[in-house]
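Scroll down for the structure; my scribbles are underneath it.
Just so you know, these numbers use all the heavy atoms, side chains as well, and skip hydrogens, waters and symmetry mates. Chain A is the first sequence line, chain B the second, and so forth, proteins listed ahead of strands; every chain is numbered from 1. None of these values were measured; they are calculated from a predicted model.
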There are 2 protein chains.
Amino acid sequence: MELPERQGRMTTSSRIYDILRQDLVNGRFEAGEKVAISALRERYDVGLSPLREALNRLAAYGLLIQENQRGFRVPRLERRELEDVASLRRELEGMALERAILLGDAEWESELLAAAHRLKRADMAGRGEEWERLHVRFHRTLVAPCGSIWLLRFIEQLHDQFDRYRRLAPEAPEVRRVLDAQHDELVRLALERDGGAARQLMDDHIHRSYEVALCGIKA
Amino acid sequence: MELPERQGRMTTSSRIYDILRQDLVNGRFEAGEKVAISALRERYDVGLSPLREALNRLAAYGLLIQENQRGFRVPRLERRELEDVASLRRELEGMALERAILLGDAEWESELLAAAHRLKRADMAGRGEEWERLHVRFHRTLVAPCGSIWLLRFIEQLHDQFDRYRRLAPEAPEVRRVLDAQHDELVRLALERDGGAARQLMDDHIHRSYEVALCGIKA
DNA sequence: CTAGCCCCAATAATCGATTATTCGATAGTC
DNA sequence: GACTATCGAATAATCGATTATTGGGGCTAG
């Protein structure tokens, strides 16, 4: 069995990029805050060059805002933008799911079941970082065989944006239970190859999730 | 009248980013080629730090591929990817155009007419860099009031990817005439607020353009 | 008072030099 | 003869120091 070997040894720049991306999505930085580069330098114990390269990448990715001669800022959280992101997620993930259901093979079915199962088990163990990781992975697995690299790329980007809002929202156990049930339902519909119904369900899933996330704004 | 003032004085990093982006889209680099950083340093007469920052941004944007410890490469041109990009462009620009037609105001109508007119005039003067610039601008104006920042962002990104292919394709005057006529037709349908027909036409427009671009592959 | 200006501390951007890694050529081994 | 190990030049990544720009506080003139 050969290991995928990640991708060569990691460079400092890439390491700090991954860390910052996680931290930004998890809301470890105040929205709207100016990024104090030298503070980050200490906090993560890295040099200026790799740090600035990571910040540049994050700005191009949309998790930071870069202003010439004025450094970097964390984007504000605006109701208007959450609507935008959620609306696009519905369009794009719906589209991707339909295509995935057309194109996905038997191996995909297996991975889907596995991902859903792992997610449910992490749920029992208490919703934490592990659950978040597996949740992202589940949604990624759902749309993975859609056949479009660019669609997957955009979906991932929107997912990160969306999660900035969602992770700040207060717990909503009743809605959460519905959302969790929908995960299983999505798997069922995918296995049955019912693209139309799956798309509709995904649409509803994201919409409910959006309503939860809304509660986190200005809180 | 106040000038928009671009955005503060440009930083070396941003300048070189803009230049490289143009050059990459225009095919001034061999597809698949490894980017020789020190060669670029001389060619554009810039320092290493701003250059690397620009390259990092371009990689995050999708116009370069970054491999840890192995620098940057220009992405290959693959039929498979052109299909992907074109197909997504049709979906997203169609969606954006429909929304723009719902939301666009009178000022938009004026700018649309102006953009179309400028484009036609540049056409007479011979299709060159200026025409390319105005063509991008026309398409951007069409979808501008769609109301979604992220949709516009993705569309621009796909446009850049698409143009990498299109600009390598040989001239196709007959198709070109049809495509030009479609520009005016798009304006007409937009002014008439016929979202459905406009979307359909945009779909056809991109598809024909795709067929032209196809001829440029492996040429 | 207040608008405008100037200066200085903070910090963003860039440079030049250094360190780490890769890639290809060559030599050695089975 | 094919495979692996090793070495060195080429080049990617990073560091430390320098330069340029901003933003705010106090001063001055109206």
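- Whole-Å rounding puts the B:N56 CG to D:dT14 P distance at 10 Å.
- Taking the centre of each ring, A:Y210 and A:H207 come in below the 6.0 Å mark.
- Rounded to an integer number of Å, the gap from A:E67 CD to D:dT22 P is 12 Å.
- Put simply, CD1 on B:I37 is 17 Å from P on C:dG16, counting in whole angstrom units.
- Checked against D:dC15, C:dA13, D:dT14, the side chain of A:R52 finds its nearest nucleotide in C:dA13.
- With ring centers used as reference points, A:H205 lies under 6.0 Å from A:H139.
- A sub-4.0 Å separation between OP1 or OP2 of C:dT14 and a side-chain N or O of B:T12 is present.
- No donor-acceptor pair closer than 3.5 Å links the side chain of A:D160 to the backbone N or O of A:L63.
- Distances shorter than 4.0 Å separate none of the side-chain N or O atoms of A:T11 from OP1 or OP2 on D:dA12.
- Rounded to an integer number of Å, the gap from A:L51 CG to C:dA12 C1' is 12 Å.
- Side-chain N/O atoms of A:R70 include one lying less than 4.0 angstrom from OP1 or OP2 on D:dG23.
- Between the P atom of D:dG16 and the CG atom of A:D45 lies a distance of 11 Å, rounded to the nearest Å.
- Phosphate proximity of C:dT11 to A:K34: absent, as no side-chain N or O sits under 4.0 Å from OP1 or OP2.
- Taking atom CD of A:Q69 as the reference point, atom P of C:dT14 lies 7 Å away to the nearest angstrom.
- The CZ-P distance, from B:R41 to D:dA10, rounds to 17 Å in whole Å.
- Within 4.0 Å (heavy atoms only), A:S13 reaches sugar-phosphate atoms of the nucleic acid but no base atom.
- A heavy-atom distance below 4.5 Å is found between the side chains of B:L97 and B:L186.
- Using a 4.5 Å cut-off on side-chain heavy atoms (C-beta onward), B:P75 and B:Q161 make no contact.
- Listed candidates were D:dT14, D:dT22, D:dA13. Nearest to the side chain of B:F72 is D:dA13.
- Summarising the geometry, the separation between CG on A:L48 and P on C:dA12 is reported as 10 Å, rounded to the nearest angstrom.
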